[in-house]
Number of protein chains: 2
Amino acid sequence: MAVTLQEIAERAGVSRGTVDRALNNRGRIRPEVADRIRQIAEEMGYRPNRAGKALAMARRSICIGVVLQEVETMFMRGILEGIEAAREELGHLGASVVLKEIKGLNTKAVIDAMEELRSQNVHAIAMNPSMNRRTKETIDRFADEYGIPIVTFNTDLEDCSRLCYIGQNTYECGRAAAGLMGEIIGGRGEVGVITGYEANPSLNKRVEGFRDEIAARFPEIKLVGVQYAYNSDAIAEDITRELVERHPEISGLFLTVNVEQGVCAALEKEGIIGRVKIISNDLNENNRKLLCDGNIAFVLEQNARVQGYEPIMVLFHLVFDGEKPQCEFQYTDLTIRTRYNLPPV
Amino acid sequence: MAVTLQEIAERAGVSRGTVDRALNNRGRIRPEVADRIRQIAEEMGYRPNRAGKALAMARRSICIGVVLQEVETMFMRGILEGIEAAREELGHLGASVVLKEIKGLNTKAVIDAMEELRSQNVHAIAMNPSMNRRTKETIDRFADEYGIPIVTFNTDLEDCSRLCYIGQNTYECGRAAAGLMGEIIGGRGEVGVITGYEANPSLNKRVEGFRDEIAARFPEIKLVGVQYAYNSDAIAEDITRELVERHPEISGLFLTVNVEQGVCAALEKEGIIGRVKIISNDLNENNRKLLCDGNIAFVLEQNARVQGYEPIMVLFHLVFDGEKPQCEFQYTDLTIRTRYNLPPV
DNA sequence: GTGAAAGCGCTAACAA
DNA sequence: TTGTTAGCGCTTTCAC
């Protein structure tokens, strides 16, 4: 049986309450006594019992808020799954999770949601933020003035008081894609990149990583253009057709966004599907099928579930155990998917 | 605030104890009453509070036993890490984990360890079993006679009363290796396989999966021999040298066991390191370095941590919540490692 | 500063 | 068959 507060109290010749005050730095205790108790606890190998703690704290029931902007719908389901899993797990311990879902990108709606959560007395907030000054200011206000810790996920907002960021290292993702591309096209030939919006920093970093790594490791590979498809399959199809016409010998395409449908349609019509190697990002039903059929070589996955789950857990541990996250950037593992290691549906 | 037993009791006009008996099928209750209570609980959306339950059960403290045979030392550290993580997490809830580590393969030692755990009154056992009849019989006896549920991990023992198996699908692992190999050598040329012991079914399945997939998808690739290195780098070096002499044009090698050191040494001496693509299994410091240097193309990783962690958690949920595992085979996700997605050290 | 005591949700032993 | 009660380990309030 594990060591309990009571046992420490007996050993120290004080009461449970005193031990509690000593170990949790609650004040109202003579420093010498506190030190002695802490030492005894250490000696006895005391580790607080989470169940007891959770039960006792059930009165001031912990509540974590989540603000979710629906940017990429395919990806969101995974995030929601992760949030649900966290809610389930915390529910067991008497804590709750409040989710505010916002359709589309909308800074005002995000800030309103945050204020609403605050008025509901949440202890912490996990959010995927919009990229602008007002959001940044709001985060700072919450963290610094109201003492509501914030964790960002999926997209980060640097230089503000958010506790940490949980999500993909998009630059490394681009590099990984370049490495794989280099391998499968034999280290030479022409490759193209099709991405989303110019203004999206995450996508830009993927492109940058890809470009840098190709330049560094595969001097014989030529990057023949980075095109913007604005997340539209129709545009992607046009781009691909033009690209293939200009570069009939093209060997590979790196897609930073989910426009596989359009790209593959174009290649199909040109009769070169399968010959042009495709590496894409973020698994969904769509590219999953293309992967199985051999039309796409690799899909790089950023574990969506983890991005929904972890921020909530990090915040819970902070509020519940007082444990700060280990590092400011908690990058999710980059998963390389082929037709052979698809996750069960 | 979540629904409690007390609230249900009040609504039903009975006592807490009665509700407890109804919801946990403990008997000693009139069936009609039990039904009515269950219905009320359902209506109110009752979900038991794990903290309360854990606390109350702390008296009959749950204990999970683990029997670990140290087969591949490199891999074991990860498993131990997973066991440690599970112990940590369960410790929070007042449950404990007892580990019996056995050096080398030793059926008698495994069975002795199981008996020892039984005499210590563990509630369940997770183990990586030895492949033979006596172990199988012991598992059956434990599960059927003593009611001690057993989960196997890392290597499975089919046709016995073990609850489920958690580990890699080694056949699929072989297929994945074949798919990657086909891609990076351009779908033609000669490839070889270096494996461990003839008697090891896991390794054999990897080889089989590799062979089948090469045959099915890459008719222009020729498999030029499957060799046994008995987990020895020296033997692997000899094998590689001979293989390269007989097949100077060889394009790839699939290693089912950790003999990268020997293989690379031979290729180095022949001056063809880097040209011959290597795909290997199970990440360690050794092949991690070779991966970074570009001497190995891919390492297929079977998440060791998960294999230590999950069996314990599955058993805990069974004993604690009465939740049976969803399926008999819980295959761990196959992770494809390149120099770009190595886990942090 | 410190101790005593109530109570969080649940289980289990005992009483009725 | 049902109700009552004593904890499990911890926090928190109140009294001293």
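Chain letters run A, B, ... following the sequence lines, proteins first, then strands; residues in each count from 1.
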Worksheet item: So do the side chains of A/N49 and B/L93 get within less than 4.5 Å of each other, counting heavy atoms only?
Response: no
Item to complete: Validate the cation-pi geometry between B/R141 and B/Y146: distance from NZ or CZ to the six-membered ring centre under 6.0 Å, angle to the ring axis within 45°.
Response: no
Discussion item. Could you tell me how far apart B/R16 (CZ) and D/dA6 (P) are, to the nearest whole angstrom?
Written reply: 11 Å
Discussion item. What is the distance, to the nearest angstrom, from the CD atom on B/Q6 to the P atom on C/dC10?
Written reply: 10 Å
Worksheet item: When the distance from CG of A/L93 to C1' of D/dG9 is rounded to whole Å, what number comes out?
Response: 14 Å
Worksheet entry | Ion pair check, B/D140 and B/R162, cut-off under 4.0 Å | no
Discussion item. Rounded to whole Å, how long is the line connecting atom CZ of A/R60 with atom C1' of D/dT13?
Written reply: 10 Å
Item to complete: Measure from CZ on A/F320 to P on D/dC10 and round the result to the nearest Å.
Response: 11 Å
Worksheet item: When you measure from every atom of DNA chain C, which of residues 43-57 of chain B have a heavy atom less than 4.0 Å away?
Response: B/Y46, B/P48, B/N49, B/G52, B/K53, B/L55, B/A56
Discussion item. Could you tell me how far apart A/I29 (CD1) and D/dT12 (P) are, to the nearest whole angstrom?
Written reply: 15 Å
Worksheet item: With a non-hydrogen cut-off below 4.0 angstrom, is B/R26 in contact with a base, only sugar-phosphate, or nothing?
Response: sugar-phosphate
Fill in: Length of the line joining B/E7:CD and C/dC10:C1', which is rounded to integer Å
14 Å
Fill in: Electrostatic pair A/R50:A/D321 at N-O distance under 4.0 angstrom
yes
Worksheet item: Quick one: is C/dG9 close enough that its OP1 or OP2 comes under 4.0 Å of any side-chain N or O from B/T4?
Response: no
Item to complete: Return the minimal non-hydrogen interatomic distance between A/V151 and A/P311, and the atom names on each side.
Response: CG1-CB, 3.8 Å
Worksheet entry | side-chain contact (heavy atoms from CB on, under 4.5 Å) assessment of A/M127 paired with A/V110 | CA-CA 9 Å; A/M127 62 187 294; A/V110 167; 3.6 Å; yes
Worksheet item: Heavy atom of residues 17-25 of chain B under 4.0 Å from DNA chain D: which residues?
Response: B/G17, B/T18, B/R21
Practice prompt. Please report the closest heavy-atom contact between B/R305 and B/E81, naming both atoms and the distance.
Written response: NH1-OE1, 3.3 Å
Item to complete: State whether the number of non-hydrogen atoms from other residues, nucleotides or ligands found under 6.0 Å of A/E115 atom CD is greater than 12.
Response: yes
Worksheet item: Looking at A/F316, is A/R87 sitting on its ring face, NZ or CZ under 6.0 Å from the six-membered ring centre and within 45 degrees of the normal?
Response: no
Worksheet item: Which is true for B/R30 with a 4.0 Å heavy-atom rule: it touches a base, it touches only sugar-phosphate, or it touches nothing?
Response: sugar-phosphate
Item to complete: Give the rounded distance in Å between these two atoms: NE2 of A/H92 and C1' of C/dC10.
Response: 14 Å
